[in-house]
Protein chains: 2
Amino acid sequence: MGDLQRAEQQDEHPDDPTAGLPPTAWAVLGLLSFPGERTGYELKKWADSSLRFFYWSPAISQIYSELRRLEARGYATSRRSGPDEPRTKRAYTITAEGRAALDHWAGPGHDPGAPVLKHPLLLRVWLGHLSEPERLRTLVHEHIARTRAELTEVREALARAEGVEAWGHPQIALRWSERRLVGEVEQAEAMLGDLAGLGEAAGREEL
Amino acid sequence: MGDLQRAEQQDEHPDDPTAGLPPTAWAVLGLLSFPGERTGYELKKWADSSLRFFYWSPAISQIYSELRRLEARGYATSRRSGPDEPRTKRAYTITAEGRAALDHWAGPGHDPGAPVLKHPLLLRVWLGHLSEPERLRTLVHEHIARTRAELTEVREALARAEGVEAWGHPQIALRWSERRLVGEVEQAEAMLGDLAGLGEAAGREEL
DNA sequence: CAGCGCATGTAATCTGTTACATGATTAG
DNA sequence: CTAATCATGTAACAGATTACATGCGCTG
């Protein structure tokens with residue numbers, strides 16, 4: 001919106017410890033805030049199986065670099081796998097400073113910001129005058145199929161989360177995602193109706 | 001998903017004229033595909049008032065650079081305002097090549113790609129163990145208010161589009177956005193219920 | 001004439017992806 | 001033994017934003 005002239009300064013006080021980290025860093029640190037230590041690779045899988053439903057999944061290389069950055073800031077520490085474990089891997093743990101920073105980030109006086117949606121299908125529909133009506137309908141059907149597939153993935157994730165102690169909030173996020181995807185299918189179906197309506201109107205004119 | 005190892009090659013044939021342009025460029029070119037010429041500034045306002053509801057609004061400086069790129073490719077031409085008009089402005093028009101490229105982009109054999117959602121509120125809910133329950137509920141309420149405000153904006157845009165000839169597809173996209181925002185409010189309200197459920201469970205344990 | 005909105009653009013920077021390199025372990 | 005998967009990283013690049021600079025025209 002209003003960035004025609006000015007950036008709308010998310011007024012960060014100069015000593016705001018929340019400043020200077022992109023949302024991805026907070027997401028990664030958030031992943032670490034659950035009990036236990038984990039490697040970049042594990043984090044990526046976690047992100048793929050839950051974060052991505054409401055907040056996209058960063059590339060693995062980015063996760064590695066965010067982890068290094070968090071460690072540089074003292075928000076996390078890492079440990080190479082000992083000789084007991086077979087593999088050369090590096091596991092990260094959140095530090096007390098990291099927790100404090102996260103708490104501050106989650107605290108009041110800090111607006112989460114508006115959601116961003118990039119929906120390529122809708123871009124295509126919006127420019128629908130460029131496509132064959134048939135083509136457009138196919139795209140919408142494919143989208144419905146893709147969304148249904150995602151829905152079963154969410155439900156699987158939900159089943160896995162069911163009953164795990166202290167996972168209340170992640171579960172709520174997954175339930176939200178489930179409802180959202182159900183809505184997405186309904187909205188796509190409604191749009192199919194609208195598209196048919198357009199076709200009819202055009203058809204009538206041709207008579 | 002699958003980008004742990006490999007990029008999932010959107011197999012672009014080497015001579016695909018669709019290749020080499022980011023989605024934003026197509027969105028801008030799409031904006032130009034509607035009759036008439038327009039300036040970067042106008043494009044930005046257009047994007048803010050409709051594109052952004054389903055496909056985010058690029059920064060004004062990016063619009064300017066995309067326009068220059070499109071012109072360099074021969075997909076658009078520009079014209080400085082004549083002495084008749086008061087202001088020094090540059091208006092862009094799509095060329096025949098631009099239309100051809102857009103048609104190809106919109107054509108078959110070219111997957112629009114999956115929608116991307118970045119929902120900071122859900123990131124916060126997901127990490128809800130870091131916040132006071134009260135704080136979380138406030139955030140959700142603020143989000144509902146913001147969404148309702150957006151909803152009236154969509155409806156205004158829809159009212160403006162109503163009746164304009166040949167705006168059928170943009171209208172459909174706006175109607176989709178309207179339904180989506182209605183869903184967003186419902187889902188946020190449902191989540192409020194889930195959050196209350198968590199609180200109750202915790203409350204019971206404390207008895 | 002001061003200030004705001006219109007209008008265009010450049011430079012620096014940051015975020016994030018893709019491609020590539022490397023090696024170890026495990027399943028068939 | 002070989003292929004797949006695990007695991008970590010680097011380098012180059014692309015996409016996008018922010019900050020900054022500039023100037024005109026209109027309104028009060």
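From a predicted model like this one, the values you see are computed outputs, not experimental measurements.
- Residue B/K118 places at least one side-chain N or O closer than 4.0 Å to OP1 or OP2 of C/dG16.
- Rounding to the nearest 0.5 Å places CD of A/E156 at 12.0 Å from CG of A/L174.
- When the options B/D103, B/V28, B/L102 are evaluated for a side chain to side chain contact (heavy atoms under 4.5 Å, CB included) with B/S33, the one that passes is B/L102.
- In this entry the distance linking CD1 of A/I60 with P of D/dT8 reads 7 Å, nearest Å.
- Atom CH2 in A/W46 sits roughly 20 Å away from atom C1' in D/dA7 (whole-Å rounding).
- Summarising the geometry, the separation between CD on B/E71 and P on C/dT8 is reported as 13 Å, rounded to the nearest angstrom.
- When the side-chain nitrogen and oxygen atoms of B/R80 are compared with OP1 and OP2 of C/dT8, none of them lie within a distance under 4.0 Å.
- In this structure, A/E42 places its CD atom 13 Å from C1' of D/dT8, rounding to the nearest Å.
- Each end of the helix from C/dC1-D/dG28 to C/dG28-D/dC1 gets its own axis from five base pairs, and the two axes differ in direction by 30°, given to 10 degrees.
- In this model, the phosphate group of C/dT15 is not approached by any side-chain N or O of A/W56 to a distance below 4.0 Å at OP1 or OP2.
- Summarising the geometry, the separation between CD on A/Q62 and C1' on D/dC13 is reported as 14 Å, rounded to the nearest angstrom.
- Taking only side-chain nitrogens and oxygens, B/S65 never comes nearer than 4.0 Å to OP1 or OP2 of D/dA16.
- The minimum heavy-atom distance linking B/P22 with B/E66 is given by the pair CG-OE2, 3.9 Å.
- Listed nucleotides: D/dG9, D/dT17, D/dA7. Nearest to the side chain of A/R90: D/dG9.
- A straight line from CD of B/E66 to P of C/dT8 spans 16 Å, rounded to a whole angstrom.
- Between C/dG16, D/dT17, C/dT18, one nucleotide has an atom nearer to the side chain of A/A59 than all others, and that is C/dT18.
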Inset, instruction - For A/L21 and A/R73, run side chain to side chain contact (heavy atoms under 4.5 Å, CB included): C-alpha distance rounded to whole Å, both residues' side-chain angles, the deciding distance at 0.1 Å, then the answer. - result: CA-CA 10 Å; A/L21 282 184; A/R73 297 229 177 177; 3.8 Å; yes
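- Ring orientation note: the planes of B/H169 and A/H129 are tilted relative to one another, at an angle of 30° to 60°.
- Between B/W126 and the options A/F53, A/F34, A/Y55, A/W26, a ring-ring contact (aromatic ring centres under 6.0 Å, His included) holds for only A/F34.
- By the 6.0 Å contact criterion, CD on A/E142 is enclosed, its count of non-hydrogen atoms from other residues, nucleotides or ligands being greater than 12.
- What separates NZ of B/K44 from C1' of D/dA16 is a distance of 12 Å, to the nearest Å.
- Atom CD1 in A/I63 sits roughly 16 Å away from atom P in D/dT10 (whole-Å rounding).
- In this structure, A/R124 satisfies the cation-pi test against B/W105, with its NZ or CZ atom closer than 6.0 Å to the six-membered ring centre and inside 45 degrees of the ring normal.
- Using a 4.0 Å cut-off between charged nitrogen and carboxylate oxygen, A/R180 and A/E184 count as a salt-bridge pair.
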Name every donor-acceptor pair, under 3.5 Å, that has one atom in a side chain of residues 188-198 of chain A and the other anywhere in the protein, sequence neighbours excluded.
residue: A/E189; atom: OE2; partner: A/R148; partner atom: NH2; Å: 3.1
residue: A/D194; atom: OD1; partner: B/R179; partner atom: NH2; Å: 3.4
residue: A/D194; atom: OD2; partner: B/R175; partner atom: NE; Å: 3.2
residue: A/D194; atom: OD2; partner: B/R179; partner atom: NH2; Å: 3.0

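- The side chain of B/Y41 has C/dC6 as its nearest neighbour among D/dA7, C/dC6, D/dA16.
- Considering only the side chain of B/K89, C/dT8 comes nearest among D/dT8, D/dG9, C/dT8.
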Between protein and nucleic acid, restricted to nucleotides 10-12 of chain C and to nitrogen or oxygen atoms under 3.5 Å apart, what atom pairs and distances do you find?
residue: C/dT10; atom: OP2; partner: B/R68; partner atom: NH2; Å: 3.2

